[in-house]
Structure formats: C-alpha cells, structure tokens
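Below, read A as the first sequence line, B as the second, and so on, with proteins coming before strands; counting in each chain starts at 1. Quick caveat, the model's predicted, so the values are computed rather than measured.
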2 protein chains.
Amino acid sequence: MTRLSPTARREEIIAATLRVASTKGMANTTVRDVAAEMGTSSGLIHHYFSSMDEVLAAAFEEAAGTDLANTEAAMRSSSDAIGRLAAFFAAYTRSDEDSAFQLWLDAWAEASRRPALGATSQRLNVAWQRLIASTIAEGIDDGVMVCDAPDATAWRVLSLLDGLSLQLAAHPGVIERGDVVDWAMTALEAEVGLPAGTLARPAGQRAVAD
Amino acid sequence: MTRLSPTARREEIIAATLRVASTKGMANTTVRDVAAEMGTSSGLIHHYFSSMDEVLAAAFEEAAGTDLANTEAAMRSSSDAIGRLAAFFAAYTRSDEDSAFQLWLDAWAEASRRPALGATSQRLNVAWQRLIASTIAEGIDDGVMVCDAPDATAWRVLSLLDGLSLQLAAHPGVIERGDVVDWAMTALEAEVGLPAGTLARPAGQRAVAD
DNA sequence: ACCCTTATTGCGCGGCTGTCCAATAACGTC
DNA sequence: GACGTTATTGGACAGCCGCGCAATAAGGGT
C-alpha cells in the first residue's frame with residue numbers, strides 16, 4: 001500500500017487507462033482493468049474521478065492533447081506558413097504510427113454513451129481544425145496561398161485525414177499508411193493554390209516566392 | 001404465441017434489431033431489447049442466430065445492403081458514366097437523411113469485438129468503393145474522364161464522404177448536411193477532369209461531349 | 001509520540017449481459 | 001382426431017459492469 005500524492009495518482013490512473021485502452025480499446029476498458037494495471041484496488045479510482053466516463057475523458061485528453069501540443073511545437077519551429085503546414089503533416093505521419101487513431105474512433109463511437117468523453121473529443125477535434133485553418137489564414141496574409149474559405153478547407157482536409165485513417169484501420173493492405181498523408185497533402189495543396197509536392201519537400205528545396 | 005415461418009421470423013428479428021439500433025445504437029442493442037421490441041421471449045433469437053454478433057451482422061447487412069442495392073438501381077437508370085456518378089451522389093444525399101451513418105460508425109467501432117459484424121461492414125465497404133471505381137473506369141473507357149488510378153480515386157472519394165459524415169455527426173452545425181455531398185462531388189470532379197458542377201446538374205443541362 | 005487527515009482497501013449491492021436448456025404450445029401430416 | 005415436428009417460452013446460469021461505503025493504514029504537522 002504505497003501512498004501517492006493526489007496529482008501523482010491522478011496521472012498514474014490516466015497513464016494506466018491509456019495502457020489498457022491501447023490494447024483492449026476504450027469501450028472495453030473497465031474500472032477493474034485500470035486498477036489491476038496499477039496494482040491497486042478498484043475503489044481508489046472513484047476517489048479521484050466521479051465516474052468512469054471522466055476517467056476515459058481525462059485519458060483521451062492526455063493522449064490527444066499531447067499529440068496536439070507536440071504538433072503545435074513542431075509547427076512553431078518553422079517561420080513561414082508553408083513550412084508549418086509541412087511540419088503539421090510530418091507530425092501527423094509520426095503520430096499515426098502507433099494506434100492513435102483507434103483512440104479517436106473509440107471516442108467518437110462512445111460519445112453518445114459517455115458525455116464527458118464526447119465533449120472532450122469534440123473540443124480537441126475543433127482544436128485540430130483551427131490549427132489548420134489559422135495556418136492557412138497566415139499563408140493568405142503572407143500572399144503565398146489562395147483560399148476564399150480557410151475554415152471550410154480545414155474541415156475538408158481534416159475529414160479526409162479522418163476518413164482515410166478510418167479506411168486504413170478497416171482495410172489494412174488496400175490503403176498504404178503513407179498514402180493517407182500524401183493524399184491529404186495533395187488535396188490541401190490544390191485547395192490553397194500551392195504547386196504539387198510543395199508540402200512534402202524540405203524547406204531548402206522550395207522555390208522562394210519573391 | 002403466434003408461430004411464424006423461419007424466414008418470416010428471421011426477417012422480423014432483423015427488422016426489430018434495426019429499429020432498436022436506430023435509437024439506442026448498435027453497441028447497446030441487446031438480445032432482450034430485440035425480443036421486447038418483437039414482443040417475444042429472448043430465447044427465440046438464439047433459435048435463429050447462433051450469437052448476438054450474427055444478429056447485428058445480419059441487421060447491418062440488411063440496412064447497408066439495401067442502401068447499396070437502391071443506389072445501384074438508381075445508377076443503372078443512367079446510360080452514361082457521368083450520369084451514374086451524379087445518381088450515386090444523389091442517392092447518397094437521400095440515404096444520409098436518416099441516421100444511416102451512425103450505423104456505419106457503430107459497425108466500425110464494434111468490429112474488433114464482433115467478428116461477424118466486422119467482416120460484414122468490411123465487405124460492404126469494399127462494395128461501395130468498387131461501385132465508384134468501376135463507374136470511373138467506364139468513364140475513362142468512354143473518353144469522358146481522365147484518371148490514371150480509378151481505384152485510388154475511389155478510395156479517396158469514399159474516405160472523404162466518410163470523414164465528412166463523421167464530422168457532420170460529431171459537430172452538427174459547423175458542417176452543413178449539403179456540404180458533405182457537394183464537397184465530395186467537387187473533389188471527384190477535379191480528380192477525373194470534369195468541369196466543376198458537372199455532377200450536380202441534371203443530365204439535360206450537361207454539355208454533350210462529341 | 002501523538003493525532004488528524006486522507007489515501008487506500010476490500011467487498012457488497014443492484015443491474016446488466018450473452019448463452020443455454022427443459023418445458024410448452026402450435027401447426028402440418030397421416 | 002392423434003401424433004410428431006418444431007417454433008416458442010421463461011427462467012437459470014455465470015460473468016461482467018459501475019458505483020458506494022465502512023474499515024484500514026499511511027504519513028505529515030505539532
């Protein structure tokens with residue numbers, strides 16, 4: 001019976017939940033599973049979270065929020081909008097390697113049954129869309145992109161990424177992992193008036209628009 | 001205690017399952033729910049289906065299969081490939097009005113837990129992709145479309161439809177229902193070298209390629 | 001060394017799930 | 001009208017779930 005500080009225990013519960021959810025899926029992650037993963041009793045979890053819904057919501061927020069923060073950080077290292085979009089797709093490729101998308105799919109499907117989880121996934125999804133939309137808007141201000149509705153374009157790109165990830169998860173083999181990002185990148189390039197391949201090439205190889 | 005023929009009873013079970021699933025979602029549709037919906041005992045269901053997984057799979061096959069058949073029928077009424085694609089999107093708009101997509105989302109999410117349901121949704125999904133791909137191929141043969149990889153294009157269009165439907169379901173309000181089909185249509189037009197708006201206009205208003 | 005706060009335990013409760021099975025009742029056949 | 005087939009019943013069974021609560025033990029402040 002090792003006694004931890006409230007914040008440390010909370011984090012451990014979230015970490016254990018993600019560990020279980022990554023193998024069993026969110027819908028099958030139970031209080032007893034998480035407790036067993038931590039090696040503690042199940043009652044402990046209800047001492048920190050008022051319901052299992054909030055445990056899953058907190059775990060999803062941790063996973064998806066970290067992904068978002070990492071991506072934002074990677075994008076900040078580029079000074080121009082084109083470089084930031086390229087960094088966005090590069091980060092997406094990396095985060096796609098583990099079973100990150102399965103988490104999103106579970107969250108969407110469970111949203112109707114688990115209010116807190118639904119609200120969290122909705123909030124983070126909008127954050128991703130805004131990240132794309134605002135970067136496109138910067139590109140327009142800088143005069144390197146052309147788009148009359150950055151918001152709608154961002155929704156389309158995000159939807160395409162989601163849909164392709166869905167098909168990738170459902171039909172491993174027919175769609176290659178690399179295709180997902182390549183296709184979404186090409187679609188975005190076409191929408192904002194960028195030459196094909198611009199976002200795939202490292203910054204040094206890009207033609208400078210003067 | 002009204003006694004039905006095996007085929008009639010099977011169909012009633014499937015119909016009752018769909019009725020329950022449309023309100024409670026597939027994941028929450030239980031044997032007892034379906035039995036109560038029919039006004040019979042729960043044991044009866046296992047007299048016709050070996051497991052709940054197969055009940056849900058059969059119900060999904062009925063719903064999605066009917067949609068597919070209706071769409072194919074609507075497409076057959078057009079003689080040219082362009083008209084058939086236009087009919088495809090028109091049919092998709094209609095089938096999207098009820099909660100058809102929620103069924104797909106549930107099926108995808110439950111696929112890992114329910115083998116039969118997963119296999120069924122996978123099979124039907126491929127059928128939809130093939131329907132698009134083969135129609136594009138006809139358009140190429142007829143010389144009215146240009147596309148070097150109809151199969152990949154079909155996957156992209158289907159993914160975009162799925163992704164947009166996902167966002168529509170998750171964020172009612174930010175994405176309009178009509179946008180889903182409009183955007184997917186525009187994407188396809190661009191991919192196969194069709195003038196923008198071609199697929200949205202009725203056949204009479206289309207320019208005849210001679 | 002004491003005490004008071006509180007993190008943690010361990011289990012019980014009510015309810016839900018899918019599956020199975022003996023008993024029953026309906027229907028076609030002779 | 002009797003009989004055999006079989007559709008249908010209704011509940012038992014084992015297992016899982018989220019949640020709540022009294023008891024326990026750990027540890028910091030004094």
Side-chain angles (χ1 to χ4, degrees), chain A residues 1-17 20-21 23-60 106-107 109-118 120, chain B residues 1-17 20-21 23-60 106-107 109-118 120:
Chain A
M1 188 167 167
T2 46
R3 200 182 163 113
L4 290 187
S5 77
T7 63
R9 182 60 81 186
R10 247 190 89 98
E11 286 167 10
E12 200 192 331
I13 292 175
I14 290 174
T17 302
V20 174
T23 63
K24 301 186 61 177
M26 268 205 174
N28 300 40
T29 299
T30 72
V31 196
R32 287 166 177 84
D33 288 333
V34 177
E37 173 72 22
M38 288 194 299
T40 67
S41 75
S42 69
L44 180 57
I45 291 165
H46 280 92
H47 193 255
Y48 291 94
F49 295 90
S50 60
S51 73
M52 192 59 194
D53 181 18
E54 304 211 25
V55 176
L56 293 172
F60 180 79
D106 286 353
E110 289 286 298
S112 58
R113 283 179 288 275
R114 321 196 100 126
L117 180 60
T120 301
Chain B
M1 186 168 168
T2 46
R3 199 183 163 115
L4 291 187
S5 75
T7 64
R9 182 60 80 185
R10 248 190 87 100
E11 285 167 10
E12 200 191 332
I13 292 176
I14 290 174
T17 302
V20 175
T23 62
K24 300 187 59 175
M26 269 205 174
N28 302 44
T29 300
T30 73
V31 196
R32 286 165 179 83
D33 288 333
V34 178
E37 173 72 22
M38 288 194 299
T40 67
S41 75
S42 68
L44 180 57
I45 291 166
H46 280 90
H47 194 255
Y48 292 93
F49 294 90
S50 58
S51 73
M52 193 58 195
D53 181 19
E54 304 212 23
V55 176
L56 293 173
F60 180 80
D106 285 353
E110 289 286 297
S112 57
R113 285 178 288 275
R114 321 198 101 126
L117 179 60
T120 301

- Its contact letters, B for base, S for sugar-phosphate only and - for none at protein heavy atoms under 4.0 Å, make nucleotides 23-30 of chain D read --SBS---
- Mark up nucleotides 11-16 of chain C, 5' to 3', with B wherever a protein heavy atom is under 4.0 angstrom from a base atom, S wherever such an atom reaches only the sugar-phosphate, and - elsewhere. BB----
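Taking atom CD1 of residue A:Ile13 and atom P of nucleotide D:dG18, one finds them 14 Å apart after rounding to whole Å. Between the CG atom of B:Leu4 and the C1' atom of D:dT6 there is a distance of 13 Å, rounded to whole Å. When the C1' atom of D:dA7 is taken as reference, atom CZ of B:Arg10 falls 15 Å away, rounded to whole Å. With rounding to whole Å, B:Leu44 atom CG is found 14 Å from C:dT24 atom C1'. One can place CG of A:Asp33 at 14 Å from C1' of D:dG15, the figure rounded to the nearest angstrom. To the nearest angstrom, P of C:dG10 lies 13 Å from CE of A:Met38.
Under the salt bridge (Lys or Arg N to Asp or Glu O under 4.0 Å) criterion, B:Arg3 pairs with no residue, sequence neighbours left out.
Distances were taken from every side-chain heavy atom of B:Tyr48 (C-beta onward) to each of C:dT19, C:dT9, D:dA7; the shortest belongs to D:dA7. Relative to the side chain of B:Ser41, the nucleotides C:dG18, D:dT8, C:dT9 differ in distance, and D:dT8 lies closest. Relative to the side chain of B:Met52, the nucleotides D:dT9, D:dC19, C:dT19 differ in distance, and C:dT19 lies closest. The side chain of B:Val31 approaches C:dT19 more closely than any other nucleotide in the set D:dT9, C:dT8, C:dT19. Comparing D:dT9, C:dT19, D:dG18 by their closest approach to the side chain of B:Ser51 singles out C:dT19.
Under a 3.5 Å cut-off, the side chain of A:Asp106 and the backbone N or O of A:Gly25 do not form any donor-acceptor pair.
Mapping A:Ile45 and B:Ser50 onto DNA chain C via the closest heavy atom, the residue that lands nearer the 5' end is A:Ile45.
Taking 4.5 Å as the limit, some side-chain heavy atom of A:Ser51 sits within range of a side-chain heavy atom of A:Glu54.
The shortest distance between the side-chain N/O atoms of B:His46 and the OP1/OP2 oxygens of C:dC20 is not below 4.0 Å. Taking only side-chain nitrogens and oxygens, A:His47 never comes nearer than 4.0 Å to OP1 or OP2 of C:dT8.
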- Item | Worked verdict on B:Glu12 versus B:Thr40 for side chain to side chain contact (heavy atoms under 4.5 Å, CB included) | CA-CA 11 Å; B:Glu12 200 191 332; B:Thr40 67; 5.6 Å; no
- Query: When you look at B:Leu56 and B:Met52, which way does the side chain to side chain contact (heavy atoms under 4.5 Å, CB included) test go after all the steps?
  - Reply: CA-CA 6 Å; B:Leu56 293 173; B:Met52 193 58 195; 4.2 Å; yes
- Please assess A:Thr30 against A:Lys24 for the test side chain to side chain contact (heavy atoms under 4.5 Å, CB included), listing each intermediate value before the final yes or no. CA-CA 10 Å; A:Thr30 72; A:Lys24 301 186 61 177; 5.7 Å; no
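Rounding to the nearest 0.5 Å places CE of B:Met38 at 7.0 Å from OG1 of B:Thr17. Annotation: the span from A:His47 atom NE2 to A:Arg10 atom CZ amounts to 13.0 Å, rounded to 0.5 Å. In this structure, CD1 on B:Ile14 lies 12.0 Å from OH on B:Tyr48, to the nearest 0.5 angstrom.
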